S.K.: 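Just passing along the structure, written as structure tokens.
Residues: numbered from 1 along the sequence shown. Everything quoted here is computed from the prediction, not taken from an experiment.
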Amino acid sequence: MTSSVLDRFRGRVAQRVLVKEPLAPYTSFHIGGPAEYFYMPRGEEDLICALRAAKSLGMPATILGNGTNVLISDRGIQGLVVRLVETSLSPVLENGLVLVRAPIPLSVLLNFAMERDLAGLEYLVSIPGTVGGAIYMNAGSFSQAISTHLAYVEVLERDLTYATRRHEDIDFDYRYSEFQEDGAVILGAAFELEHGDGATIRSTAERIRSEKRAKQSWEHPNAGSIFSNPPTTFAGKLIEEAGCKGLQVGQAQVSMKHANFIVNLGGATAQDVVQLMDVVVHRVYARFNIRLSPEIRLLGDFS
Ligand SMILES: Cc1cc2nc3c(=O)[nH]c(=O)nc-3n(C[C@H](O)[C@H](O)[C@H](O)COP(=O)(O)OP(=O)(O)OC[C@H]3O[C@@H](n4cnc5c(N)ncnc54)[C@H](O)[C@@H]3O)c2cc1C
């Protein structure tokens, strides 16, 4: 991009656009090369302005939430990377619905619901992403998913027009939402939650939190579960039984604690992780004739 085009771009979004910003610090894996251009909007008008500018310049745009379910290429990401995380906003309760903006951390939504004895989101405890990232991934645990209690989702369509999609019109499945196909940006959502018994809600959340703490790896940077569970079993069980726990490529290691986690022992590259994932896929396939597919999203150039 020539400097005059860059100036035009900077002028349009009115705030600082970072050039060649390393992305590793914005991910829970602590892995990833630079964004060609990096932008953290302050509000939705700002976001739309940036996306419009990128579109008019023919520049691809990638949305990043809290970076807890991504593996970013060592070569980084071409075009504009927009990081949507906002910790100063709070959900609001309106006409029986909890309204929340996409960049808000899930933990904020969860606390908001629990403080008002609203039940249904307890299983999202300890998922370190944003509301937008969680809807995109249809995140959840213990056979529950965030989509269950959604009333509607507000999006910016690929052509940058606003739309509201009702829950019943959105295709959701296990760790799948139609947003993974159509490139819409999730702006916000409304949840319909039932009043419940506060003590029960809090004790359920606490039980899930401690079960996760006991099972998952928190000592080293990671991106949660690497592979989706196949329909009838757990990916972690297959990986462990295929003898992959502790396998290492470079500084990436199959966690000794939870076999479906890959941990960054310090300085792991995306290439290390991808090679390790390949080894795991081959070993599991050779042993069980089941091909694991990644749950994490690979962003950038992996060719
Ligand atoms: C220790 C640990 C434990 C975890 N436990 C769980 C668990 O129990 N259950 C579970 O489901 N997941 C779990 N995860 C994975 C992860 O936290 C979730 O998938 C989370 O919802 C991702 O949100 P994020 O904001 O970090 O998204 P990111 O990782 O930043 O992005 C994920 C994808 O969503 C897209 N995206 C993000 N925001 C938007 C938006 N506003 N509009 C459109 N696209 C968007 C990105 O482009 C990317 O493709 C865990 C991760 C870690 C590190």
Side-chain angles (χ1 to χ4, degrees), residues 27-29 60-72 77 84 100 102-106 109-110 120-158 163-192 208 212 216 222-239 258 260-262 273-274 277 280-281 284-285 288 290-300 302:
T27 72
S28 57
F29 235 151
T62 303
I63 303 294
L64 196 59
N66 204 29
T68 62
N69 202 54
V70 291
L71 177 65
I72 294 177
I77 301 179
L84 293 183
V100 60
I104 292 181
L106 268 184
L109 171 62
L110 197 57
L121 299 179
E122 303 79 78
Y123 48 84
L124 298 177
V125 73
S126 296
I127 300 179
T130 59
V131 170
I135 294 172
Y136 183 94
M137 292 306 303
N138 197 15
S141 56
F142 296 89
S143 308
Q144 304 272 356
I146 192 169
S147 55
T148 313
H149 297 279
L150 264 179
Y152 60 81
V153 179
E154 292 168 52
V155 298
L156 199 58
E157 301 287 4
R158 197 186 268 277
T164 299
R165 298 192 201 170
R166 292 179 308 164
H167 178 191
E168 55 273 31
D169 299 328
I170 306 173
D171 192 8
F172 282 112
D173 207 336
Y174 166 69
R175 299 296 173 271
Y176 172 82
S177 74
E178 64 187 22
F179 308 112
Q180 294 173 14
E181 313 281 337
D182 64 17
V185 178
I186 299 162
L187 295 177
F191 290 87
E192 209 166 359
I208 294 174
K212 285 187 171 180
Q216 297 179 341
N222 65 76
S225 293
I226 293 288
F227 298 101
S228 304
N229 289 324
T232 54
T233 184
F234 293 101
K237 182 172 181 291
L238 300 178
I239 297 167
H258 188 313
N260 197 18
F261 276 41
I262 287 179
V273 176
V274 165
M277 286 169 69
V280 169
V281 167
V284 167
Y285 188 75
F288 299 105
I290 295 175
R291 194 167 291 283
L292 294 175
S293 358
E295 178 173 318
I296 53 164
R297 311 292 297 179
L298 273 60
L299 300 182
F302 280 90

S.K.: Looking at every non-hydrogen atom in both residues, tell me the closest pair between S228 and L292 and how far apart they are.
M.R.: O-CD2, 4.3 Å

S.K.: Just how far is it from atom OG1 of T130 to atom CG of L106, taken to the nearest 0.5 Å?
M.R.: 7.0 Å

S.K.: Over all heavy atoms of both residues, which pair between V70 and F29 is shortest? Give the atoms and the distance, please.
M.R.: O-CD1, 3.8 Å

S.K.: Taking the side chain as C-beta and beyond, is there a heavy-atom pair between L298 and V274 under 4.5 Å?
M.R.: yes

S.K.: Are side-chain heavy atoms of M277 and I296 found at a separation under 4.5 Å?
M.R.: yes

S.K.: Anything under 3.5 Å between a donor and an acceptor, one on a side chain of residues 132-143, the other on a protein residue two or more places apart or in another chain? List them.
M.R.:
residue, atom, partner, partner atom, Å
Y136, OH, R297, NH2, 3.4
N138, OD1, S147, N, 3.1
N138, OD1, S147, OG, 2.9
N138, ND2, S147, OG, 3.3
N138, ND2, D173, O, 2.7
S141, OG, Y123, O, 2.7
S141, OG, K212, NZ, 3.1

S.K.: Is it the case that atom CD in Q216 sees more than 12 heavy atoms from other parts of the structure closer than 6.0 Å?
M.R.: yes

S.K.: Do S225 and N260 come close enough that some side-chain heavy atom pair is under 4.5 Å?
M.R.: yes

S.K.: Give the minimum heavy-atom separation between L110 and L124, together with the two atoms involved.
M.R.: CD2-C, 4.0 Å

S.K.: How close do G120 and H149 get, heavy atom to heavy atom, and via which atoms?
M.R.: O-CD2, 3.4 Å

S.K.: A quick test of your reading: do over 12 heavy atoms of other residues, nucleotides or ligands sit less than 6.0 Å from CZ of F234?
M.R.: no

S.K.: Any non-hydrogen side-chain atom of E295 less than 4.5 Å from a side-chain atom of Y174?
M.R.: yes

S.K.: Taking the side chain as every heavy atom from C-beta outward, state whether I290 and Y285 have any atom pair closer than 4.5 Å.
M.R.: no

S.K.: Calculate, to the nearest 0.5 Å, the distance between atoms CG and CG belonging to L64 and N69 respectively.
M.R.: 11.0 Å

S.K.: Report yes if the side chains of L109 and F191 come closer than 4.5 Å at any heavy-atom pair, otherwise no.
M.R.: yes

S.K.: Between F227 and V280, does a side chain to side chain contact (heavy atoms under 4.5 Å, CB included) hold up when you go through it step by step?
M.R.: CA-CA 10 Å; F227 298 101; V280 169; 3.7 Å; yes

S.K.: Please assess T62 against L299 for the test side chain to side chain contact (heavy atoms under 4.5 Å, CB included), listing each intermediate value before the final yes or no.
M.R.: CA-CA 8 Å; T62 303; L299 300 182; 4.1 Å; yes

S.K.: What residues, two or more places apart in sequence or in another chain, satisfy side chain to side chain donor-acceptor pair (under 3.5 Å) together with E154?
M.R.: R101

S.K.: Any donor and acceptor pair, going by atom type alone, linking the side chain of D182 with main-chain N or O of R158 inside 3.5 Å?
M.R.: no

S.K.: Where the side chain of S177 meets the backbone of F172, is there a donor-acceptor pair that is under 3.5 Å apart?
M.R.: no

S.K.: Check whether any side-chain heavy atom of I146 sits under 4.5 Å from a side-chain heavy atom of I127, and report yes or no.
M.R.: no

S.K.: Between N229 (side chain only) and A235 (backbone N and O only), is there a donor and an acceptor less than 3.5 Å apart?
M.R.: yes

S.K.: Taking E122 for its side chain and I208 for its backbone only, find out whether a donor-acceptor pair lies under 3.5 Å.
M.R.: no

S.K.: Locate the shortest heavy-atom distance separating N66 from G129; write the atom from each residue and the value.
M.R.: CB-CA, 4.1 Å

S.K.: Heavy atoms, side chains only, cut-off 4.5 Å: are I239 and I226 in contact?
M.R.: no

S.K.: Supply the atom-to-atom distance L150 CG to I170 CD1, rounded to the nearest 0.5 angstrom.
M.R.: 6.5 Å

S.K.: Looking only at heavy atoms, what is the nearest atom pair of E178 and Y176, with distance?
M.R.: CA-OH, 3.6 Å

